[in-house]
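Single-structure report; data block below.
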Amino acid sequence: MEIRKWEDLPEDCLANVFRRVGMESLLLDVPFVCKSWYRATLNPFCWERLDFYNIMFAPKDYLFYVIFDDDGVRMVHRLMVEYRIKEFSVDSMIKFLANRSSGNCIVLDLPANGCREEVFRFVIDKCPALRCLSFSCNLFKTDHLSIIQELIEKCKHLEFLNILDFTVSNLKEIVAKIGRNCQHIRGLGAPFAYIGEEEAAAIVTNLPNINYLVLTHSRIDRKDLVEILQGCKRLFHLDVSNCSGCKIDDKLLELASHIRTFKYEGVIDGFPHEDDFEFWDGYNSA
């Protein structure tokens with residue numbers, strides 16, 4: 001019986017395998033095996049998931065300014081060596097791979113410390129099929145609310161949205177827009193947020209059927225956490241790890257008993273430092 005070689009498989013079959021290996025391997029391993037594998041990596045379906053989380057943006061945008069952790073160091077270094085890049089640009093990399101996906105990208109993690117507003121608008125134009133998006137507004141000059149409005153108008157299939165930004169002061173308005181416009185939304189992440197009475201009410205009112213809610217490192221009072229637990233009955237993943245402002249006791253655990261995964265490690269009742277009061281008070285009044 002004749003044994004077929006991997007390189008002889010049809011391109012669509014190879015692409016179906018390679019789309020599971022991750023962005024780093026697609027750029028730095030698979031294309032250098034043989035010509036057929038290289039051609040397969042050009043298939044847009046290989047680029048459904050783009051992960052730039054560990055590559056930080058910085059104004060000078062060179063290697064020693066953009067690396068975030070060991071994964072970012074390794075990937076950026078390998079890219080520069082393999083492709084003989086003298087100056088590494090996060091902007092260019094994001095745009096290049098968004099283009100390569102040809103509208104097929106469904107999961108996108110943008111740099112943890114943010115990207116330029118112009119780059120963000122570019123990717124949501126190029127990736128209308130997005131289902132999961134993680135981004136930070138840190139470098140945006142335009143009001144966050146208008147950016148979110150533009151996002152939800154262009155990406156109609158969003159299911160999970162993670163906003164990595166503790167400077168967002170209009171979370172209740174953002175949640176309202178998401179609730180009205182994103183029919184498929186299942187999960188929201190708002191780490192480092194201020195969850196007060198109005199924010200909790202906005203989540204319950206606009207996202208009552210949400211399944212995933214991530215509020216790590218946020219400030220949330222007990223009564224506001226109770227409101228979310230009582231109002232979002234379809235939650236099966238709630239993460240309030242390292243939050244401040246409430247105490248997890250038996251009564252709260254009983255309220256959360258319907259949730260399959262309830263993470264609350266590191267929650268503290270109050271604040272570890274006096275300065276935190278000033279920070280949160282200023283944040284809430286912004």
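- Heavy atoms only, all atoms of each residue included: Cys132 and Leu158 are closest at N-CD2, 4.4 Å.
- Residues meeting the side chain to side chain donor-acceptor pair (under 3.5 Å) test with Asn181, sequence neighbours left out: none.
- Few gaps surround CD on Glu82; more than 12 heavy atoms of other groups in view lie less than 6.0 Å from it.
- Annotation: side chain of Leu145 is not in contact with side chain of Ile147 (no heavy-atom distance under 4.5 Å).
- Atom CD of Glu265 has more than 12 heavy atoms from other residues, nucleotides or ligands within 6.0 Å.
- Of the charged side-chain nitrogens involved, at least one lies within less than 4.0 Å of a carboxylate oxygen, so that Glu118 and Lys95 count as a salt-bridged pair.
- Other residues, nucleotides and ligands contribute only 12 or fewer heavy atoms inside 6.0 Å of the CD atom of Glu198.
- In Phe32, the CZ atom is crowded: over 12 heavy atoms of neighbouring residues, nucleotides or ligands sit closer than 6.0 Å.
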Between Asp239 and Ser241, is the side chain to side chain donor-acceptor pair (under 3.5 Å) condition met? List the steps. CA-CA 6 Å; Asp239 191 347; Ser241 301; 2.6 Å; yes

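- When every heavy atom of Val204 is checked against every heavy atom of Ile228, the shortest pair comes out as CG2-CA, 3.8 Å.
- Atom CZ of Arg222 sits in a crowded spot, with more than 12 heavy atoms from other residues, nucleotides or ligands closer than 6.0 Å.
- Ring pair Phe262/Tyr264: centre-to-centre distance below 6.0 Å.
- For the pair Ile178/Ile174, a side-chain contact is recorded, criterion being any heavy-atom separation below 4.5 Å from C-beta on.
- Comment: Arg121 engages Glu117 in a salt bridge, judged by a side-chain N to carboxylate O separation of less than 4.0 angstrom.
- Ion pairing between a basic and an acidic side chain is recognised when a charged N comes within 4.0 Å of a carboxylate O; Lys247 and Asp221 show no such pairing.
- Expressed to the nearest 0.5 Å, how far SG of Cys105 lies from CH2 of Trp47 amounts to 11.0 Å.
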Sequence neighbours excluded and cut-off under 3.5 Å, please list the side-chain donor-acceptor pairs for residues 11-23, or say none.
{"from": "Asn16", "atom 1": "OD1", "to": "Arg19", "atom 2": "NE", "distance (Å)": "2.9"}
{"from": "Asn16", "atom 1": "OD1", "to": "Arg19", "atom 2": "NH2", "distance (Å)": "3.3"}
{"from": "Asn16", "atom 1": "OD1", "to": "Arg20", "atom 2": "NH2", "distance (Å)": "3.4"}
{"from": "Arg19", "atom 1": "NH1", "to": "Glu48", "atom 2": "OE1", "distance (Å)": "2.9"}
{"from": "Arg20", "atom 1": "NE", "to": "Asn16", "atom 2": "O", "distance (Å)": "2.9"}

Residues Glu150, Lys154; criterion salt bridge (Lys or Arg N to Asp or Glu O under 4.0 Å); working and verdict: CA-CA 6 Å; Glu150 187 173 341; Lys154 293 180 178 180; 3.1 Å; yes

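- Considering only heavy atoms from C-beta on, Leu213 stays 4.5 Å or farther from Leu207 through its side chain.
- Within the 4.5 Å cutoff, the side chain of Leu110 has no heavy atoms near those of the Leu164 side chain.
- The number of heavy-atom neighbours closer than 6.0 Å to CZ of Phe236, taken from other residues, nucleotides and ligands shown, is above 12.
- Taking the six-membered ring where the residue is Trp, the centroids of Tyr212 and Phe160 are separated by under 6.0 Å.
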